Amino acid sequence: MPWRVPPADRKAGTAPDPYRVWLSEVMLQQTTVATVRDYFERFTARWPDVSALAAAADADVMGEWAGLGYYARARNLLKCARVVTDTHGGAFPADHAALLGLPGIGPYTAAAISSIAFDLPHAVLDGNVERVMARLYDIHTPLPDAKPELLARAESLTPATRPGDYAQAVMDLGATICTPKSPACGICPLRDPCRARQRGTAPELPKKLPKKAKPVRHGRVYLGQRADGAWLLETRPDKGLLGGMLGWPGSDWVDTALPMPESAPPCDADWQVLPGEVRHTFTHFHLILQIMTAEIRADATPDRGHFVDPAGFRPSDLPTVMRKAFDLAR
DNA sequence: TACGCGTGGTG
DNA sequence: TCACCAAGCGT
């Protein structure tokens, strides 16, 4: 992983860069290593340190984050970079409580930065560690109720020496051996002390409370383009779903398919229904979108959004649901 | 406290 | 095809 310092380098005195540790840990929140890798490389190439990121334009950072999801992370990333630059002299504080007070840094990330970047003995508790602790101690209390007990177990196992290596090791164990399905107990370094393996309960742990079903919502978006190639887009409000991201103007998203929610087009034009539909699943609902397209007259003034000329438009700046709409219309 | 908040891989 | 899952945080 490009954000890791290999053991040999660390032994030779190369400490991890707190900026890179922080950036990788925020990207890794609820996100897989495979997905994060390319984003991490693009971010660090474009913004090599925290002051460079702090000086970036909001739209550039949101565009670079597009597709990674949980966009509040990107807004908080910028806030945090600016706080570190403006009030901490451009250096991340080597202090767990101070880290915890920064935007977008919660209990997990504060512990990860403390231990990995600063060698401070704080216990990380992510999904991997929860699973490892639940199995190691055969804890059947369902999540999230079990969290305090799992945290206590994780803290009691965190060593005073090399806590950062330990944190990464226990997460690696969860990611590669103590996996959610079909755990590889046969090659696990903790197979002897593991109570769940002894009792045969490992595959069913950790227990989780049942999740709510996802409702289906419906809506409509407008993809308008002028003869000069400019697209009519809008920057969504900072709060809520896809907050701060670029997107197509459209209707509210409602729970019933018919009638299609009333929505004034963002600009006067001869809008046509595009055959087909966009389907997308968010954290807590499924969405089905109807796509409207039109060529917009050169002298038209939009009621919503702004025109983005083709030279300045990168489809990769769009969140995935909006990029799906673009792909369908192309 | 419980809920809102994305996405892509996987079995 | 689809539910589950991933290195969580803010409100």
Side-chain angles (χ1 to χ4, degrees), chain A residues 1-4 20-40 62 65-77 79-80 99-117 122-132 143-145 147-148 150-151 154 164 166-176 178-183 203-204 206-217 236-245 247 253 279-287 316 318-324:
Chain A
M1 305 172 197
W3 48 85
R4 286 235 173 133
R20 293 168 64 88
V21 174
W22 164 71
L23 180 61
S24 65
E25 291 299 343
V26 172
M27 287 182 168
L28 285 164
Q29 291 166 6
Q30 299 285 285
T31 309
T32 57
V33 168
T35 300
V36 164
R37 184 176 283 107
D38 290 348
Y39 281 87
F40 180 83
M62 300 311 289
W65 195 276
L68 198 51
Y70 285 130
Y71 298 102
R73 291 186 297 173
R75 302 195 300 273
N76 287 325
L77 191 81
K79 283 187 197 169
C80 184
L99 290 167
L100 198 48
L102 292 168
I105 297 183
Y108 164 77
T109 307
I113 299 172
S114 294
S115 58
I116 297 169
H122 290 273
V124 293
L125 186 67
D126 69 335
N128 289 306
V129 180
E130 286 173 355
R131 188 168 56 255
V132 172
L143 285 167
D145 292 353
K147 278 205 172 200
L150 297 170
L151 178 61
Y166 170 78
Q168 293 177 84
V170 69
M171 289 191 285
D172 286 351
L173 181 71
T176 61
C178 194
T179 50
K181 293 171 186 172
S182 310
E204 68 190 61
K207 303 279 194 186
K208 297 192 176 181
L209 262 15
K211 295 173 182 174
K212 283 196 247 180
K214 291 177 181 176
V216 178
R217 293 184 187 165
R236 301 171 61 88
D238 267 353
K239 304 274 184 190
L241 191 72
L242 308 180
M245 297 301 291
W253 298 344
R279 290 174 174 267
H280 189 75
T281 299
F282 291 101
T283 314
H284 53 295
F285 66 94
H286 303 287
L287 178 66
S316 64
L318 296 171
T320 298
V321 64
M322 299 295 175
R323 190 178 44 71
K324 283 184 183 176

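Model, not experiment: these values are computed from the prediction. Residue numbers begin at 1 in each chain, while the letters A, B, ... track the order of the sequences.
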**Asked** Which is true for A:Leu242 with a 4.0 Å heavy-atom rule: it touches a base, it touches only sugar-phosphate, or it touches nothing?
**Response** sugar-phosphate
**Request:** Choose from C:dG8, C:dA6, B:dG6 the nucleotide whose nearest atom is closest to any side-chain atom of A:Phe282.
**Result:** B:dG6
**Item:** Distance-only side-chain donor-acceptor flag, A:Ser24 / A:Arg4, under 3.5 Å
**Value:** no
**Item:** Short side-chain N/O contact from A:Thr32 to OP1 or OP2 of B:dG9, under 4.0 Å
**Value:** no
**Request:** Please report, rounded to the nearest Å, how far the P atom of B:dG8 is from the CG atom of A:Asp38.
**Result:** 13 Å
**Prompt:** Hey, are A:His122 and A:Ser115 close enough side-chain-wise for a donor-acceptor pair under 3.5 Å?
**Reply:** no
**Message:** Does C:dA6 have OP1 or OP2 under 4.0 Å away from a side-chain N or O of A:Lys208?
**Reply:** yes
**Request:** Could you pick out which residue, A:Pro144 or A:Thr31, lies toward the 5' side of DNA chain B when each is mapped onto its nearest nucleotide?
**Result:** A:Pro144
**Message:** Looking at A:Thr283 and B:dG6, is any side-chain donor or acceptor paired with a base atom of the opposite kind under 3.5 Å?
**Reply:** yes
**Asked** If you look at every strand shown and take non-hydrogen atoms under 4.0 Å, does A:Thr109 touch a base, only sugar-phosphate, or nothing?
**Response** sugar-phosphate
**Asked** Can you find a donor-acceptor N/O pair under 3.5 angstrom joining the side chain of A:Tyr70 to the base of B:dG6?
**Response** yes
**Message:** Any donor-acceptor pair under 3.5 Å linking the side-chain atoms of A:His280 with those of A:Lys324?
**Reply:** yes
**Prompt:** Base, sugar-phosphate, or nothing: which does A:Gly67 touch, judged by heavy atoms less than 4.0 Å apart?
**Reply:** sugar-phosphate
**Request:** Please report, rounded to the nearest Å, how far the C1' atom of B:dC5 is from the CZ atom of A:Arg73.
**Result:** 10 Å
**Item:** For the student: nearest non-hydrogen atoms of A:Trp65 and A:Tyr70, plus distance
**Value:** NE1-O, 4.0 Å
**Request:** Among the candidates B:dG4, B:dT7, B:dG8, find the nucleotide nearest to the side-chain atoms of A:His284.
**Result:** B:dG4
**Prompt:** Taking only N and O in the side chain of A:Lys181, is any of them less than 4.0 Å away from OP1 or OP2 of C:dC4?
**Reply:** no
**Asked** Within this structure, what is the CZ-to-P distance between A:Arg131 and C:dC4, rounded to whole angstrom?
**Response** 16 Å
**Prompt:** Can you find a side chain N or O atom of A:Lys211 that sits less than 4.0 Å from OP1 or OP2 on C:dC5?
**Reply:** yes
**Prompt:** Between B:dC3, C:dC9, C:dC5, which nucleotide has the shortest distance from any of its atoms to the side chain of A:Gln29?
**Reply:** C:dC9
**Item:** d(NZ, A:Lys79; P, C:dC9) in whole Å
**Value:** 15 Å
**Message:** Looking at C:dG8, I'd like to know if its phosphate oxygens (OP1 or OP2) sit under 4.0 Å from a side-chain N or O belonging to A:Gln30.
**Reply:** yes
